[in-house]
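First up is the structure itself, then whatever we jot down about it.
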Amino acid sequence: MRTAWERPAPVFLFLCFAFQETSQLSGLPDFVKIVEVGPRDGLQNEKVIVPTDIKIEFINRLSQTGLSVIEVTSFVSSRWVPQMADHTEVMKGIHQYPGVRYPVLTPNLQGFHHAVAAGATEISVFGAASESFSKKNINCSIEESMGKFEEVVKSARHMNIPARGYVSCALGCPYEGSITPQKVTEVSKRLYGMGCYEISLGDTIGVGTPGSMKRMLESVMKEIPPGALAVHCHDTYGQALANILTALQVFCTLCVLRVCIGINLSRVMSACFSSHILSTITFSRLKYDGILSSAKHKNSRLS
Amino acid sequence: MAAMRKALPRRLVGLASLRAVSTSSMGTLPKRVKIVEVGPRDGLQNEKNIVSTPVKIKLIDMLSEAGLSVIETTSFVSPKWVPQMGDHTEVLKGIQKFPGISYPVLTPNLKGFEAAVAAGAKEVAIFGAASELFTKKNINCSIEESFQRFDAILKAAQSANISVRGYVSCALGCPYEGKISPAKVAEVTKKFYSMGCYEISLGDTIGVGTPGIMKDMLSAVMQEVPLAALAVHCHDTYGQALANTLMALQMGVSVVDSSVAGLGGCPYAQGASGNLATEDLVYMLEGLGIHTGVNLQKLLEAGNFICQALNRKTSSKVAQATCKL
């Protein structure tokens with residue numbers, strides 16, 4: 001059974017119903033939740049180690065843009081991910097704005113306990129749809145990883161802490177190449193079944209195209225309610241925004257679609273959504289190299 | 001006029017547009033897409049470094065070997081305005097003209113048209129805009145006056161049995177006027193089509209468009225001009241080019257302009273990217289099972305060649321990704 005916060009409030013459901021009619025006419029959802037992963041997924045892949053106070057300032061500024069979910073850090077060993085070594089200090093140092101959620105990555109039970117001790121109120125676990133990737137990334141098979149995640153997710157639910165699941169290599173693997181939609185579905189179903197409230201399907205190496213995105217989503221949606229799905233597209237081959245547009249279209253009958261983007265995509269995603277989709281981003285406060293400053297006058301629907 | 005245009009499917013323009021709009025949001029994608037490679041012209045003319053004539057010729061020859069069926073070769077414009085295109089005659093005369101490949105050239109006026117024909121051009125392109133201010137600043141006249149200039153070219157082209165392609169700039173926004181109404185784009189496009197352009201390329205000149213705006217613009221234009229006569233030319237200034245192109249394909253457009261290596265910055269946004277990279281476009285189309293006739297590997301080689309000559313990094317994400325493997 002899911003916790004109270006996972007069940008949308010009645011008012012929200014009514015609004016979703018109203019939006020659904022509109023979205024069916026336009027073919028796109030009226031609202032998109034953006035999950036900002038820059039401070040975690042973004043920074044951990046940057047070569048330059050960013051000081052703790054800069055990370056905190058960065059997250060605080062993101063909180064002021066209207067983003068409702070900001071993935072803060074990862075409670076992983078600093079031996080593997082030096083950039084995330086200051087996870088506890090960052091978690092404790094950020095200003096937690098009301099209405100904004102601050103999930104953290106917890107690859108195992110030890111990381112989970114540290115995260116809770118540091119004040120985390122939402123966690124994420126990271127699986128993969130590829131055996132080779134799972135082995136190379138977290139040194140165990142998919143089955144073994146599910147066992148570990150189950151421990152974490154069970155503990156989280158016991159403490160009324162929501163858990164989000166990631167499925168990497170959803171559109172391709174750097175080692176195995178093509179990944180079948182069925183495999184992605186199988187892994188996603190496992191994570192959802194153990195209690196993850198949302199599953200983010202990641203095109204980890206950015207090889208996907210709108211065609212493979214559509215096929216994968218259609219398969220996963222047979223097993224998991226669309227409202228519990230998100231996409232996480234990498235732009236390695238320049239396909240991310242086109243893949244996301246496709247995902248939005250596939251989900252167009254839904255009330256709400258949760259979309260993950262990385263640090264380099266958030267600015268272009270906001271511009272993409274601005275003309276027809278209500279977004280919670282406040283453009284006037286979002287300063288990414290001045291690129292969005294000229295978008296202000298075009299976005300009369302935004303605050 | 002009919003001689004300058006390919007035979008078009010017999011269907012009422014209005015009905016076609018209604019069908020496209022009422023189709024599910026995903027749309028039915030075309031089975032084949034014709035890519036119009038604008039790197040040697042639109043790409044290079046916006047690059048700071050001047051490229052030598054032999055390098056331009058080699059680039060175009062490499063693009064021909066990559067399987068592209070339309071390669072915009074050069075522009076017969078005064079070198080005073082566009083120094084990069086100063087060698088237009090030498091380039092057009094110097095390239096290998098592969099059978100089955102078109103090599104259109106830009107001709108902004110009658111003088112340019114005549115020089116192009118003398119140099120062997122078999123297809124020309126004219127450049128209009130859906131914005132009065134942009135037209136004034138770009139070619140120093142109003143939209144109506146530009147039609148008169150272009151009419152002279154079209155009449156001369158018709159006499160010489162030369163095909164003419166039309167471009168409509170600022171189709172999704174203008175650096176001076178801001179928002180451009182879809183109705184205005186439709187009006188200018190319709191005029192070009194009725195004057196005899198066999199195809200009209202609708203350009204998001206400053207890359208401000210988004211899929212929704214693209215959809216609205218195309219819906220309006222499709223009411224006036226047959227779908228088969230339309231192309232899109234998306235700039236990637238705000239990273240929207242591929243998503244906008246996908247939307248256009250979903251609306252039924254099957255001709256897309258792009259530039260190898262994403263050549264060409266944006267003269268209106270310092271440091272911003274320019275055209276949609278042909279490599280990234282081909283990657284998406286191949287993934288969708290859409291036939292292009294392009295050999296991606298040879299295309300990547302052409303992109304690599306010109307970037308080395310320009311001493312710049314490619315703007316194509318596919319090229320950046322594959323060079324690391």
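Keep in mind that what you see is a predicted model, and the values were worked out from it rather than measured.
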Distance check, rounded to the nearest 0.5 Å: [X] atom [atom1] versus [Y] atom [atom2]?
X	Y	atom1	atom2	result
Gln250(B)	Thr246(A)	CD	OG1	6.0 Å
Met247(B)	Gln249(A)	CE	CD	5.0 Å
Asp280(B)	Asp235(A)	CG	CG	8.5 Å

Query raised in the report: Of all heavy-atom pairs between Met284(B) and Ala242(A), which one has the smallest distance, and what is that distance?
Result: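 Taking Met284(B) first and Ala242(A) second, the nearest heavy atoms are SD-CB, 4.0 Å.
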**Report entry** Residue pair Ala321(B) / Thr236(A): nearest heavy atoms and the distance that separates them
**Finding:**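 What the structure gives for the nearest pair is CB-O, 3.6 Å.
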Query raised in the report: Donor-acceptor pair, Tyr283(B) side chain versus Val207(A) backbone, under 3.5 Å?
Result: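 Checking the backbone N and O of Val207(A) against the side chain of Tyr283(B), a donor-acceptor pair under 3.5 Å is found.
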Query raised in the report: So which residues of residues 289-299 of chain B are in contact with chain A at a heavy-atom cut-off of under 4.5 Å?
Result: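 Residues in range: none.
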Query - Residue-level interface, residues 301-311 of chain B with chain A, non-hydrogen cut-off under 4.5 Å - result: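 The stretch does not come within 4.5 Å of chain A.
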Query - Result of checking Leu288(B), Leu285(B), Leu242(B) against Pro210(A) for side-chain contact (heavy atoms from CB on, under 4.5 Å) - result: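 Result: among Leu288(B), Leu285(B), Leu242(B), Leu288(B) is the only option passing the side-chain contact (heavy atoms from CB on, under 4.5 Å) with Pro210(A).
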